[in-house]
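What follows is a short report on a single structure.
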Amino acid sequence: MLKLGGTASTPPRPNAGQEAICLLPEGARMQSQALQDEPMIAYGKGKQMPLSLYKKRHSLAHILAQAVLEFFPDAKPTIGPPVESGFYYDFAVPRPFTPEDLQRIEARMREIVKKHVDFVRREVSEEEARALFKDNPFKLELIDGLVRGGTDEYGEKTDAGAAVLSVYTQDTFTDLCRGPHVENTREIHPDAFCLSQSSGAYWRGDERNPMLQRIYGLAFDTPEELQRYLHLQEEARRRDHRKLGAELEIFLFDEEIGPGLPLWQPNGGVIIEQLEALAKRVEEEAGYERVRTPHVTKESLFLRSGHLPYYADSMYPPMTLEDGERYYLKPMNCPFHHKIYAAKPRSYRDLPIRLAEYGTCYRYEQSGELFGLMRVRSMQMNDAHIYCTEEQFEQEFLGVVNLYLRYFAIFGIEKYVMRLSLHSEEGLGKKYVDNRELWLKTEDMVRNAMRHAGVPFYEAENEAAFYGPKIDVQIYSAIGREFTLATNQVDFAVPARFNLTYVDRDGREKTPLCIHRAPLGTHERFIGFLIEHFAGAFPVWLAPVQAVLIPIADRHVEYCQRVAADLRHQGIRARVDDGTERMQNKIRKAQMMKIPYMLVVGDKEQQTSAVAVRLRTGEDLKAMPVEAFVARAKEKIQTYALDL
RNA sequence: GCCGACGUAGCUCAACUCGGCAGAGCAACCGACUUGUAAUCGGUAGGUUACGGGUUCAAGUCCCGUCGUCGGCUCCA
């Protein structure tokens with residue numbers, strides 16, 4: 001068994017010495033509250049919140065619907081559940097809501113809350129329910145589902161006939177609802193909620209369905225908690241990678257270049273090179289070999305790989321050459337690596353073969369999906385493909401998981417969740433390669449490997465890649481954003497399509513398994529994450545500029561330039577601020593660029609071959625010999641230290 | 001892709017509900033100052049108000065379209 005460092009259950013902790021704020025998803029906070037024996041109720045996928053808060057939010061959703069109906073009598077209410085931080089309600093309405101509508105509706109909701117109206121539950125027969133909601137096709141569809149079995153208004157499975165139909169009435173409004181609700185609106189503080197936004201939302205989240213208009217609200221137990229939430233949102237905006245990325249000159253987007261196609265500025269270039277250097281070092285130690293492959297290829301390659309039928313929608317349209325040949329920009333690197341594997345006969349003695357590449361891929365994400373660096377159309381993946389035998393699989397797979405954990409330790413990533421994504425029975429032959437036995441077998445292999453290693457994970461059906469199960473790593477940025485960083489996929493199908501083989505001990509040709517892995521995901525997403533994780537204050541080894549020399553007067557500039565040249569010679573990224581501003585202003589500028597070390601030089605330092613070291617944290621280390629500073633900086637860089 | 005909001009100087013924002021000469025701070029540039037740990041002073045320049053149409057005597061402002069960004073729906077690295 002491989003030794004693993006860290007566990008997913010390690011409690012999150014702000015980075016010491018950074019201006020850290022901790023905006024964890026509400027679910028994470030709620031778990032600690034659960035220990036204080038407040039009754040909890042589950043909602044959404046695997047989340048929970050205190051029952052009392054759930055009731056308030058749920059009731060506010062109904063009050064929202066009441067207010068909307070008062071202003072828009074033709075509106076058809078659909079569903080309105082409590083969610084993280086508040087609630088929403090979806091309506092079918094002739095026109096979208098305007099910000100002014102929301103103001104009026106919110107004011108009216110407050111009036112209703114202050115009227116201290118009761119919520120009354122009543123169980124009804126199917127016939128009565130159908131009569132009550134005869135003008136609302138959405139409610140009738142929900143009733144169908146409840147009666148026939150299927151899914152309830154929250155998309156959860158119900159048994160046929162097992163559902164009891166109930167309605168809740170408050171004031172003038174009655175809604176089909178399973179509850180629970182507050183008994184009276186006096187339980188709700190009129191200043192502990194507000195409406196936050198409206199947007200379109202498809203009925204049942206399916207874009208083939210009609211579009212409804214959703215109104216979101218925020219709701220807490222007390223006005224103070226609401227204010228705190230709004231304040232944290234404000235903090236999060238300051239830490240947003242899009243804002244910091246521009247301020248720190250890391251990346252930019254240009255309309256003339258295209259949506260989702262980031263330009264990396266020199267500072268971003270440094271960060272990328274450092275990440276690649278780390279990956280290269282780690283992967284060389286782990287027995288990977290580097291390869292490089294083109295960005296475009298003939299259509300036939302993706303037909304053979306099987307990507308085109310599954311992924312054509314996510315690919316840029318092809319370009320057609322004069323002879324009619326069609327070429328695609330590559331959305332992934334694997335087919336190219338398969339070709340390298342296939343270039344010569346392989347023996348079992350050669351395996352495992354690990355081919356790594358920071359290859360640039362292009363995916364035509366829907367315009368509405370693009371989001372800063374987190375979701376882009378051109379991306380460089382920390383990609384590799386491991387070809388191995390079945391016997392080698394477990395060790396190789398765990399080697400990859402171990403790699404993840406090693407990276408997470410370096411970056412101080414303490415909160416992550418591993419998800420085992422499985423196929424679904426319905427998807428066989430459509431979304432997934434049609435080979436049930438191989439699916440089950442491979443899923444077992446992965447599950448066992450994870451269990452043997454003692455790595456915590458949860459399982460999710462119908463989330464696999466088309467060619468096999470995968471482990472995705474969900475991480476949380478410091479401002480509470482959750483996303484998939486790394487992915488680790490088992491491919492039992494595509495190697496065969498490429499006729500990949502090795503000659504085994506018994507002299508027979510066999511098909512290797514392929515593990516696709518990307519522990520650092522893409523440069524784009526990972527750096528977006530790092531910017532938020534560190535609030536732009538990168539550890540020394542990643543900081544684009546590690547030290548800035550600040551001469552106090554013009555006569556110190558030459559000495560500063562000599563020292564800076566010396567530092568650069570020793571592998572420290574140093575600059576001189578030789579502008580005409582005062583020293584204080586230069587410190588301020590360096591602070592705002594979050595440069596780790598500010599080296600102030602005046603007469604004293606110049607005379608003693610020293611620099612006065614000020615840390616980004618504000619700490620003044622006073623004057624020290626240049627060599628002493630170099631030793632300190634080098635040590636922090638070489639150990640990937642998180643402190644200065 | 002769909003619904004909505006937004007787009008003014010490199011950045012942050014003005015120019016009002018009701019159309020009437022497009023402005024400020026920071027940054028940049030020039031000059032003076034030569035400073036000891038988060039903003040020295042003075043000056044100069046910088047805009048076809050995202051782009052294209054329309055209404056009007058007159059459009060940053062009203063209308064239409066396009067592009068882009070953001071918030072959602074959905075999916076994922």
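Note on naming: letters A, B, ... go to the chains in the order of the sequence lines (proteins, then strands), and numbering restarts at 1 for each one. Because only heavy atoms are used, hydrogens play no part in the values below, and waters and symmetry mates are left out as well, while side chains stay in.
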Can any side-chain N or O of A/Glu524 pair as donor or acceptor with the backbone N or O of A/Pro262 at less than 3.5 Å? no
B/rG72 phosphate, OP1 or OP2, under 4.0 Å from A/Arg214 side-chain N/O: no
Presence of donor-acceptor pair under 3.5 Å, side chain of A/Arg242 and base of B/rC70: no
Between A/Asn585 and B/rA38, does any side-chain N or O lie under 4.0 Å from OP1 or OP2? no
Go through the N and O atoms of the side chain of A/Glu581 and the base of B/rU40, and report whether any donor-acceptor pair is under 3.5 Å. no
How many whole angstroms separate atom CD1 of A/Ile471 from atom P of B/rA77? 13 Å
How long is the line joining CD1 of A/Ile527 and P of B/rA77, in whole Å? 19 Å
Would you say a side-chain N or O of A/Tyr216 is under 4.0 Å from OP1 or OP2 of B/rC73? yes
Over how many whole Å does the gap from A/Leu218 atom CG to B/rG72 atom P extend? 11 Å
Any donor-acceptor N/O pair under 3.5 Å between B/rG1 base and A/Tyr202 side chain: yes
Give a yes/no answer on whether the side chain of A/Lys470 brings an N or O atom under 4.0 Å of OP1 or OP2 in B/rC76. no
Using the ring of each side chain (for Trp, its six-membered ring), is A/Phe408 parallel, tilted or perpendicular to A/Tyr416, with breaks at 30° and 60°? tilted
Please determine if a side-chain N or O atom of A/Gln489 lies less than 4.0 Å away from the OP1 or OP2 oxygen of B/rA77. yes
A/Arg614 side chain near B/rA38 phosphate (N/O to OP1/OP2, under 4.0 Å): yes
Does A/Arg525 make a side-chain donor-acceptor contact with the base of B/rC76, cut-off 3.5 Å? yes
If we count only N and O atoms by modelled type, under 3.5 Å, do the side chains of A/Gln474 and A/Thr484 hold a donor and an acceptor together? yes
Is A/Lys415 positioned over the aromatic face of A/Tyr476, cation under 6.0 angstrom from the ring centre and no more than 45 degrees off axis? yes
Give the dot-bracket line for RNA chain B from 5' end to 3' end: parentheses for intra-strand Watson-Crick or G-U pairs under 3.5 Å, square brackets for crossings, | for inter-strand pairing, dots for unpaired. (((((((..((((......[..)))).(((((.......))))).....(((((..]....))))))))))))....
Describe, in one word, how the ring planes of A/His295 and A/Tyr362 are oriented to each other, choosing from parallel (under 30°), tilted (30 to 60°) and perpendicular (over 60°). tilted
Below 3.5 Å, does any donor atom in the side chain of A/Gln213 face an acceptor in the base of B/rG72, or the other way round? no
Cation-pi check for A/Tyr364 against A/Arg377: NZ or CZ below 6.0 Å from the six-membered ring centre and within 45 degrees of the axis, yes or no? yes
Nearest-angstrom distance, P atom, B/rA28 to B/rC11: 15 Å
With sequence neighbours left out, which residue pairs that include part of residues 89-98 of chain A fulfil the salt bridge (Lys or Arg N to Asp or Glu O under 4.0 Å) condition? A/Asp90-A/Arg214, A/Arg95-A/Asp101
Does A/Thr484 make a side-chain N or O approach to OP1 or OP2 of B/rC76 shorter than 4.0 Å? no
